Amino acid sequence: MSNQDAPETTVKALLGDITKLEVDAVINAANRALMGGGGVDGAIHRVGGPSILDECRRIISERGPLRTGEAVITGAGELPSRHVIHTVGPIWNETKAEQGVEHLASCYRESMNVAALHDCRTIAFPCISTGAYGFPNGLAARTAIGTVKDWISNRPGELTEIIFVCFNSSDFSLYKAGLAWHAGQERE
């Protein structure tokens, strides 16, 4: 299939709860040990139930803790999605901002790579690293959108829908504005 024949990938922002989405995979902003935690990680484990944690424990016992920017896949337990892709975002450090941006971009790239490898066509991302990990929201949104757009341009048609799920209205505004800016650039 040529790039012109590939179906277009829809990318959008949504204000809501990622645990309620019926997609092939939701992405989890996980910790290195995949043991659940606060924020979106805690919500995914709580709603998805113990089978997710059981799979996470098995992964960690086989390979050890994940490095920042890596991603792995499990079942989704009681979530309406089919899978959970767990990725470890960077903890913000202003003196290592460039490295943090690359690690955050890796979270998005690796999650999409894992999704495509497991025939997931529709995926949903939370705002990775912007909660307890302290990554600046605007920089995180620009990094996420730019990385996703670049990935799509290099692998057209592999994913049909990518949703940035924002838990609050300020993040939702950032993602809507960023997506609108990219859409304007694509038309030029």
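Because the structure is predicted, anything quoted here is derived from the model rather than measured. Quick note: residue numbers are just sequence positions, from 1. These numbers come from the heavy atoms of this one structure, side chains and all, not from hydrogens, waters or symmetry mates.
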So, [X] side chain and [Y] main chain: donor-acceptor pair closer than 3.5 Å or not?
{"X": "Thr9", "Y": "Glu161", "answer": "no"}
{"X": "Thr143", "Y": "Leu139", "answer": "yes"}
{"X": "Ser106", "Y": "Gly69", "answer": "yes"}
{"X": "Arg32", "Y": "Leu66", "answer": "yes"}

[atom1] of [X] to [atom2] of [Y]: how many Å apart, nearest 0.5 Å?
{"X": "Tyr108", "Y": "Asn113", "atom1": "OH", "atom2": "CG", "answer": "14.5 Å"}
{"X": "Met112", "Y": "Thr147", "atom1": "CE", "atom2": "OG1", "answer": "6.5 Å"}
{"X": "Ser111", "Y": "Ile73", "atom1": "OG", "atom2": "CD1", "answer": "9.5 Å"}
{"X": "Cys120", "Y": "Asp24", "atom1": "SG", "atom2": "CG", "answer": "5.0 Å"}
{"X": "Ile44", "Y": "Asn28", "atom1": "CD1", "atom2": "CG", "answer": "4.0 Å"}
{"X": "Asp41", "Y": "Asn31", "atom1": "CG", "atom2": "CG", "answer": "5.5 Å"}

Quick check on the hydrophobic clustering: are [X] and [Y] connected, directly or via other members, by side-chain heavy-atom contacts under 4.5 Å?
{"X": "Phe164", "Y": "Ile123", "value": "yes"}
{"X": "Ile52", "Y": "Ile59", "value": "no"}
{"X": "Leu21", "Y": "Leu179", "value": "no"}
{"X": "Leu104", "Y": "Val114", "value": "yes"}
{"X": "Val84", "Y": "Leu34", "value": "no"}

How close do [X] and [Y] get, heavy atom to heavy atom, and via which atoms?
{"X": "His103", "Y": "Pro90", "value": "CB-CB, 3.9 Å"}
{"X": "Ile27", "Y": "Pro126", "value": "O-CD, 3.1 Å"}
{"X": "Ile60", "Y": "Ala33", "value": "CG1-O, 3.3 Å"}
{"X": "Tyr175", "Y": "Ala144", "value": "OH-CB, 3.8 Å"}
{"X": "Ile128", "Y": "Gly89", "value": "CG2-CA, 3.9 Å"}
{"X": "Ile18", "Y": "Ala124", "value": "CD1-O, 3.5 Å"}

Practice problem: Report yes or no: do Thr74 and His86 form a side-chain donor-acceptor pair below 3.5 Å? | Solution: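 Indeed, the side chains of Thr74 and His86 share at least one donor-acceptor pair under 3.5 Å.
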Exercise. I would like to know whether Val148 and Phe125 meet side-chain contact (heavy atoms from CB on, under 4.5 Å); could you show each step before the answer?
Key: CA-CA 10 Å; Val148 164; Phe125 282 105; 4.2 Å; yes
Quiz item: Does any pair with a residue in residues 46-66 pass side-chain hydrogen bond (donor to acceptor under 3.5 Å, both in side chains), and if so which ones, sequence neighbours excluded?
Solution: Arg63-Glu70
Quiz item: Taking it one step at a time, do Trp181 and Ile145 satisfy side-chain contact (heavy atoms from CB on, under 4.5 Å)?
Solution: CA-CA 10 Å; Trp181 182 85; Ile145 294 167; over 6 Å; no
[X] versus [Y]: any side-chain heavy-atom pair under 4.5 Å?
{"X": "Leu159", "Y": "Trp151", "answer": "yes"}
{"X": "Met35", "Y": "Leu53", "answer": "yes"}
{"X": "Leu79", "Y": "Val47", "answer": "yes"}

Practice problem: May I ask you to decide if the ring planes of His118 and His83 are parallel, tilted or perpendicular, using 30° and 60° as cut-offs? | Solution: tilted
Self-check item: Derivation of the side-chain contact (heavy atoms from CB on, under 4.5 Å) call for Lys176 and Cys166
Solution: CA-CA 10 Å; Lys176 275 181 41 178; Cys166 304; over 6 Å; no
Quiz item: Is it true that Glu158 and Arg121 have a side-chain N and a carboxylate O under 4.0 angstrom from each other?
Solution: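 No salt bridge links Glu158 with Arg121.
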Exercise. Could you check Ile152 against Val11 for side-chain contact (heavy atoms from CB on, under 4.5 Å), going step by step and ending with a plain yes or no?
Key: CA-CA 10 Å; Ile152 291 168; Val11 182; 3.4 Å; yes
Self-check item: Stepwise salt bridge (Lys or Arg N to Asp or Glu O under 4.0 Å) test for Glu102 and Lys96
Solution: CA-CA 10 Å; Glu102 179 47 42; Lys96 296 181 181 176; over 6 Å; no
Quiz item: Can you name the residues that form a side-chain hydrogen bond (donor to acceptor under 3.5 Å, both in side chains) with Asp150, not counting sequence neighbours?
Solution: none
